[in-house]
Amino acid sequence: MELQKPRGTRDFLPEEMNKRRYIENKLRGVAAHWGYGEIKTPTFEHIELFTLKSGEGILGEIYNFKDKGEREIALRPELTAPVVRMYVEELQRSPKPLKFFYFDNCFRYERPQKGRFREFFQFGVEIIGSSRPESDAEVIALAVEMLKSAGVRGDLHVGNLGIVRALINEIGSQHQSKIMRLVDKKDDKGLEEFLDTIHAPDDIKGKLFRLIGLHGENAIHEARELVGDIDAITQFKALLDLLDVYGLEYQVDFGIARGLDYYTGMVFEIYCEGLGAQNQVCGGGSYRLAALFGGEDTASTGYAIGFDRIMEICEVNPEPAKRMVVVSFEDTRKEAIVIAMKLREHIDTYLDVMGRKFKDQIAYANTIGASHVIIVGKNELDAGKLALKDMKTGDQELVSMEEVVARINK
RNA sequence: GCCUGGGUGGGGUAGCUGGUUAUCCUAUGGGACUGUGGAUCCUACGACUCGGGUUCGAAUCCCGACCCGGGCCCCA
């Protein structure tokens, strides 16, 4: 084997592509029904777009290169930044809210593992222009609905960064993102040590640990007692009420955090079994990125589904397509082409291109699982009909083209 | 970047305490069979991941690289 695909990339053969397209179309269908429009952004962007969003630290995980004009280019590692860039560049004056969905490949230079590749696919959604609980709730409900359409059921965790941030507000801002990262990692030990080294007040420390440990029905009320009757609590309560209206099952989880400042309020993640260490299939939240990219400050909410991960666990399988094979003889090959062309208006039709003998053509039809075979021979042509052979029963009869079409449509 | 297991024809395998022409199954092309499929037989095709080392001799032992799996780190 002289050549092989680069590490962490994959080839998709027809059988798998068929399944991937099927699931993709399910997700697309849901997004479209909810009123979202598909967008597409470039495969590569200026690298600043991503360092601006995520810091210089991501450089080690990005595929980047200098183009012939000496520009620093990066293959997109995610799609939120490009979408917001697109918004700032050409859509700031469009009527709000903007509702978009996308499905595309992304690239990250990482160690491949189960559910983790260097080229991977994300299906995502963004609402731009609303900071209200209604948009947060809609986005979460849409995520769950999409997963459901793909036959995937996961655990939904919902949190709010405004609440956590309010609690650690008194702590120097230079420490806050580090705290958020430790919270997100569920690294209680590391968190405690860090809080000690920066001499965080004991009552804040205690409250923080209580907050991120909250769960169950009363979590919101207990959170209110911890941080007071702040705006974030009101917003979060409104969101949870709406999630109830959508009929969603969820778990309040203040342990979901992001170490980046532009995540402001709602955050959510969906986890699934059966994926090993990469058990998160969907992550999202509300954020304010537009200003960072030079636009007016604008609220957005969105999420991305790890498409490869749901492919790994989804149970849904497409119906196998019906296939017809047109079988001919040495002296009827040309007629067979014409007949195949007509049949292709109605059904997936195969035609021999190997110059095979009659018998081998039928054997081939069998190996590809054709449901029917049309035999085009002198006898049939003379009678002005076609021989339709059912590959399951072996039955065969002389029928007209119209009858063949009628039966296919049944 | 770190730890760990693994790489033999397209797929699945035997060999792996060094020594024939690297085994078998399957898949694929052609044929036996010139208007009727799944069978059978014949035939063709096709592999030791790569590079070093040890040795008279390496698929086999050693080292490194590459790739795959699992975990860590990271997770925008």
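Naming: A, B, ... by sequence-line order, numbering from 1 per chain. Any value given below was found using the heavy atoms of this structure, including those in side chains, with hydrogens, waters and symmetry copies removed.
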message: From C-beta outward on A/Q4, which listed nucleotide comes closest to its side chain: B/C74, B/G35, B/C66?
response: B/C66
message: Can you build the contact string for nucleotides 3-8 of chain B? Use B for base contact, S for sugar-phosphate-only contact, and - for no protein heavy atom under 4.0 Å.
response: B-----
query: Does the distance from a Lys or Arg side-chain N to an Asp or Glu carboxylate O, for A/R210 and A/E222, drop under 4.0 Å?
result: no
message: What contact category does A/K378 fall into here, base, sugar-phosphate, or nothing, at under 4.0 angstrom with non-hydrogen atoms?
response: base
- request: Please name the pair of heavy atoms, one in A/I163 and one in A/F254, separated by the smallest distance, quoted to 0.1 Å.
  value: CD1-CE2, 3.5 Å
Euclidean distance, atom CD1 of residue A/I58 to atom C1' of B/C73 [Å, nearest integer]: 17 Å
Where A/L398 and A/A383 come nearest, the two heavy atoms and their spacing: CD1-CB, 4.4 Å
message: So if I define the base as every atom that isn't primed, P, OP1 or OP2, how would nucleotides 29-34 of chain B read as a B/S/- string at a heavy-atom cutoff under 4.0 Å?
response: SSSSB-
query: Which nucleotide, B/G71, B/C75, B/G37, lies nearest any side-chain atom of A/K389?
result: B/G37
message: Using a heavy-atom cut-off of 4.0 Å across all strands, would you classify A/Y287 as base, sugar-phosphate, or nothing?
response: nothing
message: Just to be sure I understand the rule, does A/G283 reach a base, reach only the sugar-phosphate, or reach nothing, if contact means heavy atoms closer than 4.0 Å?
response: nothing
statement: From OH of A/Y263 across to P of B/C75 the rounded distance in Å is 12 Å
- prompt: Would one find a side-chain N or O of A/K185 under 4.0 angstrom from OP1 or OP2 of B/C74?
  reply: yes
task: Please report the C-alpha distance between A/E119 and A/Y63 in whole Å, then the side-chain angles of each, then the deciding distance to 0.1 Å, and finally whether the side-chain hydrogen bond (donor to acceptor under 3.5 Å, both in side chains) criterion is met.
output: CA-CA 10 Å; A/E119 183 189 25; A/Y63 272 95; over 6 Å; no
message: Between A/E397 and A/K385, does any side-chain N to carboxylate O distance fall below 4.0 Å?
response: no
task: Would you mind reading off the distance between A/D187 atom CG and B/C75 atom P, rounded to a whole angstrom?
output: 12 Å
query: For A/Q280, does its backbone N or O pair with a side-chain atom of A/E269 as donor and acceptor, under 3.5 Å?
result: no
- prompt: Between B/U36 atom P and A/L386 atom CG, what is the distance in whole Å?
  reply: 19 Å
task: Can you tell me, in whole Å, how much space there is between the P of B/C68 and that of B/G57?
output: 34 Å
query: Taking the same atom, P, in B/C25 and in B/C67, what whole-Å distance lies between them?
result: 35 Å
task: Measure from the side chain of A/I375, starting at C-beta and using heavy atoms only, and say which of B/U36, B/C68, B/C66 lies closest.
output: B/U36
message: Which heavy atom of A/S54 sits nearest to which heavy atom of A/Y262, and what is that distance?
response: OG-OH, 4.5 Å
field: Distance between C1' atoms of B/C61 and B/U23 (Å, rounded)
entry: 22 Å
- request: Check every strand shown and say whether A/Q122 touches a base, only sugar-phosphate, or nothing at a heavy-atom separation below 4.0 Å.
  value: nothing
- prompt: Mapping A/P6 and A/E269 onto RNA chain B by nearest heavy atom, which one lands closer to the 5' end?
  reply: A/P6
query: Do A/E48 and A/R85 meet the salt-bridge criterion of a basic N to acidic O distance under 4.0 Å?
result: no
field: Donor-acceptor pair between A/Y102 and A/E126 side chains, under 3.5 angstrom
entry: yes
message: Work out how far the C1' atom of B/C42 is from that of B/C50, and round it to whole angstrom.
response: 37 Å
field: Whole-angstrom distance between B/G6 and B/U43, as gauged at atom C1'
entry: 36 Å
message: Measure CZ/A/F329 against C1'/B/U36 and give the value in whole Å, please.
response: 8 Å
P atoms of B/A58 and B/C66, separation to the nearest Å: 25 Å
- request: Would you kindly give the CD-to-C1' distance between A/Q278 and B/G69, to the nearest whole Å?
  value: 13 Å
message: A/E72: which residues meet the side chain to side chain contact (heavy atoms under 4.5 Å, CB included) condition with it, sequence neighbours left out?
response: A/I47, A/N64, A/K66
- request: Look at all strands and tell whether A/G369 reaches a base, only sugar-phosphate, or nothing, counting heavy atoms closer than 4.0 Å.
  value: nothing
message: Just to be sure I understand the rule, does A/A363 reach a base, reach only the sugar-phosphate, or reach nothing, if contact means heavy atoms closer than 4.0 Å?
response: sugar-phosphate
query: Using the P atom in both, what is the distance from B/U60 to B/G51, to the nearest Å?
result: 12 Å
task: Rounded off to whole Å, could you give me the CG-to-C1' distance for the A/L275 and B/C75 pair?
output: 15 Å
task: Identify whether any heavy atom of A/G377 sits under 4.0 Å from a base atom; if not, whether one sits that close to sugar-phosphate; answer base, sugar-phosphate or nothing.
output: base
- prompt: Is a donor-acceptor contact shorter than 3.5 angstrom present between the side chain of A/R116 and the base of B/C74?
  reply: yes
- prompt: Looking for any heavy atom pair under 4.0 Å, which part of the strands does A/Q280 touch: base, sugar-phosphate only, or nothing?
  reply: nothing
Side-chain donor or acceptor of A/R76 paired with backbone N/O of A/T41 under 3.5 Å: yes
- line: Re B/G7: Watson-Crick or G-U wobble partner, both distances kept under 3.5 Å, found to be B/C66
- prompt: Of the candidate nucleotides B/C66, B/C74, B/U36, which contains the atom at the shortest distance from the side chain of A/E61?
  reply: B/C74
query: B/G70 P sits how many Å from A/N279 CG, rounded?
result: 14 Å
query: Would you call A/K189 and A/E192 a salt bridge, taking side-chain N to carboxylate O under 4.0 Å as the test?
result: no
task: Counting Watson-Crick and G-U wobble pairs only, both distances under 3.5 Å, name the nucleotide matched with B/G1, or none.
output: B/C72
query: Within the structure shown, what part of the strands sits under 4.0 Å from A/E330 by heavy-atom distance: base, sugar-phosphate, or nothing?
result: nothing
message: Between B/G10 and B/C48, how far apart are the two C1' atoms, rounded to whole Å?
response: 16 Å
